[in-house]
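Since the structure comes first, as structure tokens, the remarks are kept for the end.
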Amino acid sequence: MIAVIWGNGATMKITVNTSVYDWSKSRKSKEKGVDMQKNMEHTLNLTMTMILKIGSARSMIAAALAEIAAYRYEAAREKLRQAETELLTAQRLQVRRLIENAKAQRFVHSTLFMNAQSALVNVMGELQMTENLIGAFERWEPEAA
């Protein structure tokens, strides 16, 4: 499957490798193909939304780190709250897809989805570390010269 993304006048092509496991033998062949295509498109759309939310959260965490470096802790906390909201949305999408796969007779295995899950865990860790940094920096303030 190839998705074409248009942005800044450039065209990028992303090849998404998927494997489809079909446990249902009761449907007609044509019906299976249509269902499979819809399932793959749904997985791709959901995964791309997850990736965008995760990227947005990572940007907010980077902005929070800049606020911490400038000793603006409340501004940093606000950015982290926004990042947490984005990550919760991505996590809900992930859980939704996992539940759909558990209920389905046809499971779409997507490498892109697995990578999105990995990125989600990594960025959630970055959020936790950044929250801990605020506490550490608040306890340590440089002496006024």
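Nothing fancy with the numbering, it's 1 onward along the sequence.
- For residues 109-119, no pair satisfies salt bridge (charged side-chain N to carboxylate O under 4.0 Å, His left out), with sequence neighbours left out.
- Residues satisfying the salt bridge (charged side-chain N to carboxylate O under 4.0 Å, His left out) test with E84, not counting sequence neighbours, are none.
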request  = Using the side chain to side chain contact (heavy atoms under 4.5 Å, CB included) rule, take I99 and K103 through it: C-alpha gap first, then chi angles, then the decisive distance, then the call.
outcome  = CA-CA 6 Å; I99 289 170; K103 290 179 180 178; 3.8 Å; yes
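- Legend: residues meeting side chain to side chain contact (heavy atoms under 4.5 Å, CB included) with Q128, ordered by chain and number and at least two apart, are E131.
- We find the CG-CE distance between L52 and M48 to be 6.0 Å, quoted to the nearest 0.5 Å.
- Among residues two or more places apart in sequence or in another chain, the side chain to side chain contact (heavy atoms under 4.5 Å, CB included) test is passed with M114 by H109, Q117.
- Here L88 is tied to no hydrophobic group at all, with no ILVMFWY side chain closer than 4.5 Å.
- Considering every non-hydrogen atom in both A63 and K79, the closest pair reads CB-CD, 3.4 Å.
- L87 and V121 sit in two unconnected hydrophobic clusters of ILVMFWY residues. Membership requires side-chain heavy atoms under 4.5 Å apart, directly or through other members.
- Both I61 and F137 are members of a single hydrophobic cluster when ILVMFWY side chains are connected at heavy-atom separations under 4.5 Å.
- Pairs of residues two or more places apart, or lying in two chains, that qualify as salt bridge (charged side-chain N to carboxylate O under 4.0 Å, His left out) and include a residue from residues 46-61 are K53-E86, R58-E126.
- In this structure T43 satisfies the side-chain hydrogen bond (donor to acceptor under 3.5 Å, both in side chains) test together with R97, sequence neighbours excluded.
- One finds the CD1 atom of I51 at 10.0 Å from the CZ atom of F113 (value rounded to the nearest 0.5 Å).
- Hydrophobic cluster membership differs between M60 and L93, with clusters built from Ile, Leu, Val, Met, Phe, Trp and Tyr side chains linked at under 4.5 angstrom.
- Using a 4.5 Å heavy-atom cutoff, the side chains of R77 and R81 are in contact.
- Applying the side-chain hydrogen bond (donor to acceptor under 3.5 Å, both in side chains) rule to R96 yields the partners E100; only residues at least two apart in sequence or on another chain are considered.
- Minimum heavy-atom separation, M50 to A90: CG-O, 3.7 Å.
- For the atom pair I54 CD1 and T47 OG1, the distance stands at 9.5 Å (nearest 0.5 Å).
- Checked against side chain to side chain contact (heavy atoms under 4.5 Å, CB included), A76 has the following partners two or more places apart in sequence or in another chain: A64, E67, I68, I134.
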